[in-house]
Amino acid sequence: MSDLAVKSISTPEFWACAARSGPDILLSLNGNADLRAAEPISQMLPEVHAEACRLGVSTVVVDFRNPEFMNSSCFKSFVTWLSDLQEMDAAHVYRLRVLSDAGKHWQKRSLLALSCFAVDLVSIEA
């Protein structure tokens, strides 16, 4: 159970939850984020953003180590999130620290593209 005002995603194919992790927010992802997960993800990420802003965190950690796959419709929600971050006042912006699995080749391409969209806001750790 999370202490954040963020609804978890729980389907047979995919789940995601957000929780406090020390001074940060940790967004954990697991399963197969295909087209069926796109709408729940597009609803969850603005909630994570709102909580990060409300709490004034400096970092949101996104754990991508467990998803087996994420399609472009789901990644689009992450791009929208980064776009919202880039429009914020610099004094209130937080960073995304993405934890990845170097053994999953789809992550190398997709997460690199995501980090290039907002080089100053996203760091990728394998």
I'd like to know if the side chain of Q43 pairs up with that of E39 as donor and acceptor (distance under 3.5 Å, no hydrogens or angles considered). yes
Which pair of non-hydrogen atoms, one from F117 and one from V79, has the smallest distance, and what is that distance? CE2-O, 3.6 Å
Does C53 reach the side chain of M88, with side-chain heavy atoms less than 4.5 Å apart? yes
Contact summary for S123 and R95, nearest pair of heavy atoms: CB-NH2, 3.8 Å
Any donor-acceptor N/O pair, T11 side chain to E13 backbone, under 3.5 Å: yes
Identify the heavy atoms of A38 and S77 that sit nearest to each other, and give their distance. O-OG, 4.2 Å
Stepwise side-chain contact (heavy atoms from CB on, under 4.5 Å) check, L85 with H49: CA-CA 8 Å; L85 265 176; H49 175 67; 4.2 Å; yes
Sorted by chain and number, sequence neighbours left out, side-chain hydrogen bond (donor to acceptor under 3.5 Å, both in side chains) with Q86 holds for none
Could you walk me through whether T80 and L45 pass the side-chain contact (heavy atoms from CB on, under 4.5 Å) test, one step at a time? CA-CA 9 Å; T80 299; L45 295 183; over 6 Å; no
Going by heavy atoms in the side chains, are I9 and W15 under 4.5 Å from each other? no
Reported OG-to-CZ distance for the pair S73 and R36, which is rounded to 0.5 angstrom: 12.5 Å
Spacing of CG belonging to D34 relative to CG belonging to N71, to within rounding of 0.5 Å: 6.5 Å
Check step by step if side-chain contact (heavy atoms from CB on, under 4.5 Å) holds for E68 and K104. CA-CA 8 Å; E68 292 304 315; K104 295 179 179 168; 3.8 Å; yes
Just say parallel, tilted or perpendicular for the rings of W81 and Y94, cut-offs at 30° and 60°. tilted
Give the cluster check for W106 versus L99: same hydrophobic cluster or not, with ILVMFWY residues linked at side-chain heavy-atom distances below 4.5 Å. no
Assigning hydrophobic clusters by single linkage (Ile, Leu, Val, Met, Phe, Trp, Tyr; side-chain heavy-atom cutoff under 4.5 Å), is I124 placed with I25? yes
How close do L82 and L96 get, counting heavy atoms only, and between which atoms? CD2-CD1, 3.5 Å
Does S21 use its side chain to pair, donor to acceptor, with the backbone of L26 at less than 3.5 Å? no
Joint cluster assignment, V61 & L4, ILVMFWY side-chain distance < 4.5 Å: no
Looking at every heavy atom in both M44 and K7, which two are closest together, and how far apart are they? CE-O, 3.6 Å
In Å, rounded to the nearest 0.5 Å, how long is the span from NZ of K76 to CE of M70? 14.5 Å
For F78, which of V98, V122, L111, L114 qualifies under side chain to side chain contact (heavy atoms under 4.5 Å, CB included)? L114
Using modelled atom types only, decide if a donor and an acceptor are shared between the side chain of S115 and the backbone of L112 within a distance under 3.5 Å. yes
F14/F69 aromatic ring centres below 6.0 Å: no
Can you name the nearest heavy-atom pair linking L29 to P67, along with the distance? O-CD, 3.4 Å
Within a strict 4.5 Å, meaning less than it, do heavy atoms of the P23 and V57 side chains meet? no
May I ask whether V60 and F75 are part of the same hydrophobic cluster, defined by side-chain heavy atoms of I, L, V, M, F, W, Y residues being less than 4.5 angstrom apart, directly or through others? yes
Carefully, step by step, assess E51 and R20 under the rule side-chain contact (heavy atoms from CB on, under 4.5 Å). CA-CA 10 Å; E51 284 295 275; R20 289 298 300 261; over 6 Å; no
